[in-house]
Amino acid sequence: MSTIELRNVSRWYGNVVAVNDVTMTIGPGVTGLLGPNGAGKSTVLHLIAGFLAPSRGELTVEGAASWRNPGLYRTVGLVPERDSVYAFLTGEEFVVATARLHELADPAGAARRAIAIVDMAGAQDRKISTYSKGMRQRIKVAAALVHDPQVLLLDEPFNGMDPRQRLHMMDLLTKLGAEGRTILLSSHILEEVERLADTIQVIVSGRLAASGDFRAIRRLMTSRPHVFLVRTSDDRLLGSALIGRPAVAGVEVTNGGLQVRASDYGTFSRELAVLARDHGVRLREVLPEDESLESVFAYLVES
Amino acid sequence: MSGVFNKVVASITLRAVFGRRRALLFAIPPLILILVTLLLKAARPQGAPWPGRILGDFGFTVILPLTALIIGTSVLGAEIDDGSIVHLLATPVRRSSVIVTKFAVGALLTMAFVAVPELIAGLIASGTFGKLAIGLFVGALAGSVIYNALFVMLSVLTTRAIAVGLLYVLIWEAVLGNFVSGARLLSVGQYSLGVANGIAHDSALHAGLTLTTALIMGAIVTVLTLVFASRRLSEFSLKGDAV
C-alpha cells in the first residue's frame with residue numbers, strides 16, 4: 001500500500017521552477033530522496049510535509065492532502081533540516097512537550113519510549129543547548145517519533161554528524177523501515193542512502209531523474225563512460241597506446257595531462273598500469289574526474 | 001478536543017521569551033515611566049495638569065506601544081525567525097490555538113510590564129486611587145490586548161515585524177494619529193486613550209475618540225488581526241532549496 005503520492009506536482013517561486021512535474025509513489029520501507037545541493041529535494045520534502053503548497057498537481061499522504069491539514073501530523077513525523085530547536089528545554093522536556101501537543105494519553109511514557117529508541121536516555125536531563133549536532137538530530141527524531149507515526153520525513157538527517165552518529169542513525173532508520181513505516185529521507189550524499197534505502201527517488205534540477213530500486217539505478221550509473229586525468233612521464237606515448245585499446249573511448253592531451261574516457265571501467269583500470277610498464281612510461285597520477293555526485297546526477301538527466 | 005488556549009504552547013512561549021536577552025528590555029520602558037513620574041512629582045506643585053499629559057501622551061504613545069512591540073514580536077516572531085516554530089507546527093495543534101495562546105501570553109506580559117506600572121505611576125502622580133489611576137490602568141489593559149493582536153499578526157506577515165511595527169508607532173500613531181482626525185480611527189494608541197479618558201474624564205489625556213468608539217474599534221481590530229494571523233499561520237511555508 002502506498003502512503004505518499006505525488007501526481008504531476010510542480011512548485012515555482014515567481015519565475016523560478018523549484019519542482020517540475022514530479023510524479024512519484026512512496027510506500028513502506030526506507031526511501032532516499034537524492035539529488036545535488038539545490039536540486040529541489042527539500043522543496044519536495046516540504047511539499048509532502050505540508051509546509052509548502054503545490055503550485056500545480058496533487059499530493060496526498062495516507063490519502064489526505066497535506067497542505068493546510070494539521071491533522072496530517074497525527075500520522076506523520078517530521079525531522080526538519082534546520083538545527084533550531086527549543087534549546088532552553090532539556091531533551092526530555094522537549095519530547096514530553098511534543099507528546100502533549102499531540103494530546104497523547106501518557107505523554108511521559110511516550111516520551112520515555114521515543115527517547116529510548118534514539119538512545120538518548122543518558123542525556124535527556126541536559127538542556128538541548130549543551131547537545132552536539134548529532135544529539136540534537138537524535139532528540140529531534142525522538143520528538144518526531146513520540147506519537148508513533150506511520151510516516152517519518154527527515155530532511156538531510158546526517159548533516160553535521162560524525163561517522164559513529166551516522167551509523168547509529170542509519171541503524172535506527174533501517175529498523176524503523178523494517179517495522180513497516182514509511183521513511184523518506186533527503187540527502188545529497190549517495191553513499192549514505194546506498195547503505196540505507198530500499199528505493200530511491202533522484203531529483204535533479206527540480207525534475208525526477210530516476211526512481212525505483214537502488215541497485216538498478218546504480219547499474220545505470222556505472223555503465224556511463226568514466227573520465228580520468230592521467231599524469232605520466234610521457235603523456236603522448238601512453239596516449240597513443242591507450243587509444244588502441246577497446247576499453248578506451250577517447251584520449252585528449254591537455255596541459256594538465258591525459259584526459260582518458262574509459263568505456264569499461266574495470267578493464268581500463270587493469271590495463272593502464274600494464275600498458276604504462278610495457279611502454280616504459282611512469283604513471284605519476286591517476287584521478288577520476290567525474291565521480292562527484294553532481295556528475296552522476298547530470299549523467300542520469302542526460303540519459 | 002482542547003480549548004483555544006494551549007497550556008503547552010503558553011509554557012514554551014514564556015520560557016522562550018524569558019530565555020532571550022531581549023526580555024531585559026521589557027522592564028526598561030516602565031522603569032522610565034515611573035522614574036519620570038517620580039521626578040515630576042518631586043519637581044512640580046500638586047494641581048498642575050502634568051499627570052494626564054505625561055502618563056497619557058508619553059505612557060500611551062511611547063511606553064505602551066514600544067513595550068507591546070518588543071513583547072508582541074517576541075512571543076511568535078522570534079520562533080519564526082529561528083525556525084523552531086516548525087516543531088510546534090508539525091503537530092496537530094490548531095493554528096488558531098497557537099495564535100490565540102501567543103497573543104494571550106503577549107497581552108498578559110504587556111499588562112504586567114505596562115498596565116501595572118501605569119497604575120503605579122497614576123497613583124504616584126495623583127496621590128489617590130482615583131479615576132485617573134484607574135482610567136490609565138484600564139486604558140493600558142485595553143492597549144496591551146489590541147497592540148499584541150496587531151504585533152502578533154505582523155510577526156506572521158513579515159520577518160521585519162519590529163521595523164514595520166516601529167514605523168506604525170512612530171509615523172502612523174505619533175504623527176498622523178495626532179494631527180489627522182481620520183487616522184485616529186485606526187490608531188491603537190487612540191483606542192487606549194479613549195478607554196482611559198472614558199473612566200478618568202481628564203482633558204489632559206488628549207483622547208480623540210469616545211469610549212464607545214474606542215471599544216468597538218479595538219474589538220474589531222483585535223478580532224480581525226487574530227483571524228488573519230491564524231489564516232496566515234495555517235499557510236506557513238518553509239523555503240525550499242533554490243534551483
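Both backbone and side-chain heavy atoms feed into the values below; hydrogens, waters and symmetry mates do not. Just so we're on the same page: letters track the sequence lines, and every chain starts at 1.
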Please determine whether the number of non-hydrogen atoms from other residues, nucleotides or ligands lying under 6.0 Å from atom [atom1] of [X] exceeds 12.
X      : atom1 : value
B:K7   : NZ    : no
A:R181 : CZ    : yes
A:R56  : CZ    : no
A:R138 : CZ    : yes

For the atom pair [atom1] ([X]) and [atom2] ([Y]), what is the distance rounded to the nearest 0.5 Å?
X      : Y     : atom1 : atom2 : result
B:L238 : A:L47 : CG    : CG    : 10.5 Å
B:I12  : A:L89 : CD1   : CG    : 6.0 Å
B:R231 : A:R68 : CZ    : CZ    : 6.0 Å
B:S237 : A:R11 : OG    : CZ    : 6.0 Å

Taking all non-hydrogen atoms of both residues, which atom of [X] and which atom of [Y] are closest, and how far apart?
X      : Y      : result
B:V86  : A:P80  : CG1-CG, 3.9 Å
B:F236 : A:W67  : O-CZ3, 3.9 Å
B:A90  : A:F51  : N-CZ, 4.0 Å
B:V9   : A:L101 : CG2-CD2, 3.8 Å

**Which atoms of A:E93 approach chain B - backbone, side chain, both or neither, heavy atom under 4.5 Å** = side chain
**Message:** Please classify the contact of A:L78 with chain B as side chain, backbone, both or neither, using a heavy-atom distance under 4.5 Å.
**Reply:** side chain
**Request:** Sort out for me which of B:P92, B:G19, B:G83 touches chain A most, counting heavy-atom pairs under 4.5 Å.
**Result:**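 Of the candidates given, the most pairs with chain A belong to B:P92.
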**Prompt:** Hey, does A:T98 have a side-chain heavy atom less than 4.5 Å from the side chain of B:H87?
**Reply:** no
**Prompt:** Are B:D82 and A:Y86 close enough that some pair of their side-chain heavy atoms sits under 4.5 Å apart?
**Reply:**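 Not in contact.
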**Asked** Can you tell which of A:A87, A:S84, A:A143 has the highest number of heavy-atom pairs within less than 4.5 Å of chain B?
**Response**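 Greatest number of close heavy-atom pairs with chain B: A:S84.
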